[in-house]
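Before any comments, here is the structure.
Just so you know, ligand 1 is whichever comes first in the structure, and atom 1 is the first atom listed for that ligand. All figures in this text were calculated on a predicted structure; none of them were measured in a lab.
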Amino acid sequence: MANAFELKQTEDGLGLFWREASQPMRPLIIDFHQGKAAYRAQHSSLKSEAIAKAVGVTGKFQPSVIDATAGLARDALVLAQFGCHVQLIERHPMVRELLADALQRAQLMSDNIGLAAQRMELLNQQHIADLDPDSCDVVYLDPMYPKTGKQKAQVKKDMQMFQQLVGQDEDADTLLQPALSVARYRVVVKRPASAPYLAGTEPNRQLKSKKHRFDIYINQGFNS
Ligand SMILES: C[S@@+](CC[C@H](N)C(=O)[O-])C[C@H]1O[C@@H](n2cnc3c(N)ncnc32)[C@H](O)[C@@H]1O
């Protein structure tokens, strides 16, 4: 498995190649200007994006966010598009390289997505527990959660590759307590609708979107 994946420079950016894929696959390249993430970042509104509500973004207040499970940074891009400064933590070395490459390319552009990318920063730390208390307003967590058979069949090829690379995040429960110490105001955890609470801890509030649930753990109100 160690050599099943390889990173190589392509014309479109750094690409992740899956050597042991059962059928030929295009490399996975993070490109904030392409695909669903770009569409979502450009066309969503504060009202339509449950993640923005969960994090507490309003027209007047854009909390600083640490996305402590950055992955492909699709959620982070949405938050940055709404004006939040988003710092990213990602522990998988290949995903970190893909992210660094994508950010560098996007930050050169002066369109809305380029400006959003300029509000995003990949941190050197690889776990939320490595940060000081009160480092940001909100910590956002979206660890991998085991997929059911039905969902698995629907997962697109690039997501299959990503899931195969990073695995299941079986230690996800260890994220909640340090996240609560690092966030001044709240921790937001994205979960599949039927998943148990992270670390078995009941949130103060929940917001539901079509596919997900956002569990919100409040340290203090934004106005207190
Ligand atoms: C489901 S993905 C996140 C997807 C992301 N929200 C997006 O929009 O693309 C989870 C990511 O968190 C990373 N991760 C899991 N546990 C972590 C930890 N304790 N510290 C840092 N990164 C972690 C995994 O390597 C994986 O890339």
* To do: Answer with yes or no whether Gly167 contacts ligand 1, where contact means a heavy atom under 4.0 Å from a ligand atom.
  =>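 Contact check Gly167 vs ligand 1: negative.
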* Asked: Does ligand 1 have any atom that is closer than 4.0 Å to a heavy atom of Phe162?
  -> yes
* Asked: Quick one: does NZ or CZ of Lys190 land under 6.0 Å from the six-membered ring centre of Phe214, within 45 degrees of the ring axis?
  ->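 No, Lys190 does not lie over the aromatic ring of Phe214.
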Among all protein heavy atoms, pick the one closest to [atom] and tell me residue, atom and distance.
atom: atom 3 (C) of ligand 1; answer: Thr69 O, 3.2 Å
atom: atom 17 (C) of ligand 1; answer: Arg91 NE, 3.4 Å
atom: atom 1 (C) of ligand 1; answer: Asp142 O, 3.1 Å
atom: atom 13 (C) of ligand 1; answer: Glu90 OE1, 3.3 Å
atom: atom 5 (C) of ligand 1; answer: Ala70 O, 3.3 Å
atom: atom 8 (O) of ligand 1; answer: Asp75 N, 2.9 Å

Close N or O approach ([X], ligand 1; < 3.5 Å):
X: Tyr140; value: no
X: Ala73; value: yes
X: Asp67; value: no
X: His92; value: no
X: Asp171; value: no

Just checking, any donor-acceptor pair under 3.5 angstrom between side chains of [X] and [Y]?
X: Tyr217; Y: Asn204; answer: no
X: Gln118; Y: Gln107; answer: no
X: Asp142; Y: His212; answer: no

Show the atoms of ligand 1 that are less than 4.0 angstrom away from any heavy atom in [X].
X: Gly71; value: 3 (C), 11 (C), 27 (O)
X: Ala68; value: 20 (N), 21 (C), 22 (N)
X: Gln126; value: 20 (N), 21 (C)
X: His127; value: 19 (N)

* Straight-line distance of Phe32 CZ to Leu72 CG, nearest 0.5 Å ->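 If we round to the nearest 0.5 Å, Phe32:CZ and Leu72:CG are 8.5 Å apart.
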For [Y], is there an ion pair with [X] - N to carboxylate O distance below 4.0 angstrom?
X: Asp158; Y: Arg74; result: yes
X: Asp137; Y: Arg184; result: yes
X: Asp169; Y: Arg91; result: yes

* Ring centers of Phe17, Phe5 separated by less than 6.0 Å ->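 So the answer is no for these two rings.
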* Asked: How about Gln104: does its CD atom have over 12 heavy atoms from other parts shown lying under 6.0 Å from it?
  ->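 No, not enclosed.
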* To do: Would you check if the side chain of Asn219 reaches a backbone N or O of Tyr185 as a donor-acceptor pair within less than 3.5 Å?
  =>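 Side chain of Asn219 to backbone of Tyr185: no pair is present.
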* Determine whether the side chain, the backbone, both or neither of Ile128 has a heavy atom under 4.0 Å from any heavy atom of ligand 1. => neither
* For ligand 1, does Leu72 get within less than 4.0 Å through its side chain, its backbone, both, or neither, judged by non-hydrogen atoms? ->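 Under 4.0 Å from ligand 1, Leu72 contributes backbone and side-chain atoms.
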* Any side-chain heavy-atom pair from Leu123 and Leu88 closer than 4.5 angstrom? ->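 Of all side-chain heavy-atom pairs linking Leu88 with Leu123, none is under 4.5 Å.
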